[in-house]
Undergrad: 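My structure is below; once you've seen it, I'll send some questions.
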Amino acid sequence: MTLTALQGVSEDGFRHPTGSGAHEWWYFDAIDPASGVALVVIFFRGIPFSGARQRFPHAPADDFPAVAFSLYGSRSTELYFVNLHRSVTIGGDRMSIAIGENRAAYRDGVYEIELHDELLDGRSVSARFEFKVESARVSSPAPAARNGGAPHVWILAAPRCEVTGSISVDGTTRSFAGTGYHDHNLGERSLQAQFRHWRWGRAHFRDETFVYYEADGVSALDQPVRDETLARNIYMLRYAETLRAGGYRIRQRRIVDNGPFYLRFLSEFTSPSGQTVTGFSEVLRPRALEWKWFWPLLDSRVRPHRSGDRVGRKITQWLIQRGF
């Protein structure tokens, strides 16, 4: 496995991966420290977590564009969708992408995101967010490239952002304000062909932002990542329940996205000085993406936009809200 790490908004342009299983995605998250409400938005080309994409790995990545959105309340996942769309338009030397009626673009120091889509349970959702890029002191040194082979590329584009926005569902609108993060991943091959184990996390402390990123034991940042205690989720996926990255301690406090190959956590991060904050962590073991019997289960969560099947959608939404 070869990992190439880059940093800065100037690196956030399109790379056009073209190999079998090629993929590219732009990830945004934010947490409101006052309420604990958190959100994630992802724009995909060649979404790897789709049964449809796994069936046709040699097709162009732009045949499988998708958008994902999750809103996590204090106790459960309140809003969720991962929708495949028929069209994707890209442009700009930084970032500009439109998938269906969803758009994200970088302009003058701000990432502007606009969503118009359908929740998993069938309700319509609209949202607007602005991620204003802040100059952040990142506790880990700048990433260094590791050369050779067809790499997986990670771009730490905007590690700290001031985030404001609103979310509307069925005529009810709620506002959001918090601190956010943005990165960008891409690969010329499928995830399962690139590595066996990947993990990432980030947290915003009072005067710094901390990020770790590791694939198959190779750290993209200059700090060791060490497991302390191990656990398994309900699908028997093994992960580090507590770990250390450099002088920082991470405890996986709550699983907010659960599966046989992937976990997303709201995590407790403690700095060397003893400050504790909530951040995001993820674990990915992509081998399960090879299992053909598993692809229909992927399709239950990653669905074509306006695909119908209201009963199936509501059942899946009920399972997600209860941590399955």
Undergrad: Does the ring centre of Tyr248 sit less than 6.0 Å away from the ring centre of Phe205?
TA: yes
Undergrad: I need the Arg174 CZ to Leu79 CG distance, nearest 0.5 Å.
TA: 6.5 Å
Undergrad: Using the six-membered ring wherever Trp is involved, compare the ring planes of Trp198 and Phe195 and label them parallel, tilted or perpendicular (cut-offs 30° and 60°).
TA: parallel
Undergrad: List the steps, then state whether salt bridge (charged side-chain N to carboxylate O under 4.0 Å, His left out) holds for Asp63 with Arg86.
TA: CA-CA 7 Å; Asp63 285 1; Arg86 294 182 178 180; over 6 Å; no
Undergrad: Using every non-hydrogen atom in the two residues, find where Arg244 and Gly247 come nearest and quote the distance to one decimal.
TA: NH1-O, 4.3 Å
Undergrad: Please give me the minimum heavy-atom distance between Pro260 and Ala288, naming the atom from each residue.
TA: O-CB, 4.4 Å
Undergrad: Go through the steps for Arg253 and Glu268 under the test salt bridge (charged side-chain N to carboxylate O under 4.0 Å, His left out), then give the verdict.
TA: CA-CA 6 Å; Arg253 183 169 55 84; Glu268 181 184 274; 5.4 Å; no
Undergrad: Rounded to the nearest 0.5 Å, how far apart are CZ of Arg189 and OG1 of Thr18?
TA: 12.5 Å
Undergrad: Considering all heavy atoms of both residues, which atom of Tyr72 and which atom of Val40 are nearest to each other, and what is their separation?
TA: CE1-CG2, 4.1 Å
Undergrad: Are Asp183 and Arg202 ion-paired here, with the side-chain N under 4.0 Å from a carboxylate O?
TA: no
Undergrad: Hey, what's the ring geometry for Phe176 with Phe129, parallel, tilted or perpendicular (30° and 60° as the breaks)?
TA: perpendicular
Undergrad: Would the distance check show the side chain of Arg15 and the main-chain N or O of Gly187 forming a donor-acceptor pair, the cut-off being under 3.5 Å?
TA: no
Undergrad: side-chain contact (heavy atoms from CB on, under 4.5 Å), that's the test. Do Leu84 and Val302 meet it? Break it down for me.
TA: CA-CA 7 Å; Leu84 287 162; Val302 183; 4.0 Å; yes
Undergrad: Determine, for Glu112 against Arg128, whether the closest basic-nitrogen to carboxylate-oxygen distance falls under 4.0 angstrom.
TA: no
Undergrad: What is the distance from atom NE2 of His116 to atom OG of Ser126, rounded to the nearest 0.5 Å?
TA: 5.0 Å
Undergrad: Under the criterion side-chain hydrogen bond (donor to acceptor under 3.5 Å, both in side chains), I'd like the reasoning laid out for Thr270 against Thr276: C-alpha separation, chi angles, the key distance, then a yes or no.
TA: CA-CA 4 Å; Thr270 302; Thr276 297; 3.0 Å; yes
Undergrad: Using side-chain heavy atoms (C-beta onward) and a distance below 4.5 Å, is Leu221 in contact with Trp154?
TA: yes
Undergrad: Using the rule given for salt bridge (charged side-chain N to carboxylate O under 4.0 Å, His left out), can you reason through Arg251 versus Glu241, listing the C-alpha separation, both sets of side-chain angles and the distance that settles it, and then say yes or no?
TA: CA-CA 6 Å; Arg251 182 173 72 89; Glu241 190 172 39; over 6 Å; no
Undergrad: Should the pair Arg199-Asp227 be classified as a salt bridge under the 4.0 Å nitrogen-to-oxygen rule?
TA: yes
Undergrad: Got a second to check how far Ser70's OG is from Glu78's CD, nearest 0.5 Å?
TA: 11.5 Å
Undergrad: Mark yes or no for whether Ser50, through its side chain, and Ile47, through its backbone, hold a donor-acceptor pair below 3.5 Å.
TA: no
Undergrad: Quick check: are there more than 12 heavy atoms from other residues, nucleotides or ligands sitting under 6.0 Å from CG of Asp108?
TA: no
Undergrad: Decide whether Trp293 and Met236 are clustered together by the hydrophobic rule: side chain heavy atoms of Ile, Leu, Val, Met, Phe, Trp, Tyr closer than 4.5 Å, transitively.
TA: no
Undergrad: Is Arg53 reaching over with its side chain to a backbone N or O of Phe56, donor-acceptor style, under 3.5 angstrom?
TA: yes
Undergrad: More than 12 foreign heavy atoms under 6.0 Å from CD of Glu228: is that the case here?
TA: yes
Undergrad: How about His23 and Trp25: are their ring centres within less than 6.0 Å of each other?
TA: yes
Undergrad: Ignoring hydrogens and geometry, is there a side-chain-to-backbone donor-acceptor pair from Asp32 to Gly178 under 3.5 Å?
TA: no
Undergrad: Give the intermediate values and the outcome of salt bridge (charged side-chain N to carboxylate O under 4.0 Å, His left out) for residues Arg196 and Asp216.
TA: CA-CA 6 Å; Arg196 296 180 60 84; Asp216 286 348; over 6 Å; no
Undergrad: Can you tell me if Arg285 uses its side chain to pair, donor with acceptor, with the backbone of Arg238 under 3.5 Å?
TA: yes
Undergrad: Quick one: do Leu297 and Trp291 end up in the same hydrophobic cluster if we chain Ile, Leu, Val, Met, Phe, Trp and Tyr together by side-chain heavy atoms under 4.5 Å apart?
TA: yes
Undergrad: Does Val110 belong to the same Ile/Leu/Val/Met/Phe/Trp/Tyr cluster as Ile155, with side-chain heavy atoms less than 4.5 Å apart forming each link?
TA: no
Undergrad: Mind checking whether Tyr181 and Trp200 have ring centres under 6.0 Å apart?
TA: yes
Undergrad: Could you check if a side-chain atom of Val153 sits within less than 4.5 angstrom of a side-chain atom of Asn185, using non-hydrogen atoms only?
TA: no
Undergrad: Between Glu118 and Arg123, is the closest basic N to carboxylate O distance under 4.0 Å?
TA: no
Undergrad: Evaluate whether atom CZ of Arg287 has more than 12 neighbouring non-hydrogen atoms of other residues, nucleotides or ligands under 6.0 angstrom away.
TA: no
Undergrad: Do the charged groups of Arg103 and Glu114 touch, with an N to O distance under 4.0 Å?
TA: no
Undergrad: Taking the side chain as C-beta and beyond, is there a heavy-atom pair between Val41 and Leu115 under 4.5 Å?
TA: yes
Undergrad: If you compare all heavy atoms of Gly259 against all heavy atoms of Leu237, which two are closest, and at what distance to 0.1 Å?
TA: O-CD2, 3.8 Å
Undergrad: Taking the six-membered ring for Trp, is the centroid-to-centroid distance between Phe28 and Tyr111 below 6.0 Å?
TA: yes
Undergrad: Any donor-acceptor pair under 3.5 Å linking the side chain of Glu11 with the backbone of Ala157?
TA: no
Undergrad: Which atoms form the tightest heavy-atom contact between Ile99 and Ala66, and what is the distance?
TA: CD1-O, 3.5 Å
Undergrad: Determine whether the aromatic ring centres of Phe49 and Phe261 lie less than 6.0 Å apart.
TA: yes
Undergrad: Taking the six-membered ring for Trp and the full ring for Phe, Tyr or His, determine whether the centres of His182 and Phe131 are under 6.0 Å apart.
TA: no
Undergrad: Verify whether the ring centers belonging to Tyr80 and Phe69 lie closer than 6.0 Å.
TA: no
Undergrad: Considering all heavy atoms of both residues, which atom of Pro286 and which atom of His197 are nearest to each other, and what is their separation?
TA: CD-N, 4.5 Å
Undergrad: Under 3.5 Å, is there a donor-acceptor pair between the side chain of Glu24 and the main chain of Leu186?
TA: no
Undergrad: Look at the side chain of Asp299 and the backbone N and O of Gly51, then say whether any donor-acceptor pair between them is shorter than 3.5 Å.
TA: yes
Undergrad: I'd like to know whether the aromatic ring centres of Tyr239 and Phe265 sit less than 6.0 Å apart in this structure.
TA: yes
Undergrad: Atom CG in Leu230, atom OG1 in Thr242: separation rounded to 0.5 Å?
TA: 8.0 Å
Undergrad: Evaluate the ring-ring contact (aromatic ring centres under 6.0 Å, His included) criterion for residues Trp26 and Phe43: first the C-alpha distance (whole Å), next the side-chain angles of each, then the deciding distance (0.1 Å), finally the verdict.
TA: CA-CA 5 Å; Trp26 291 262; Phe43 284 75; 8.0 Å; no
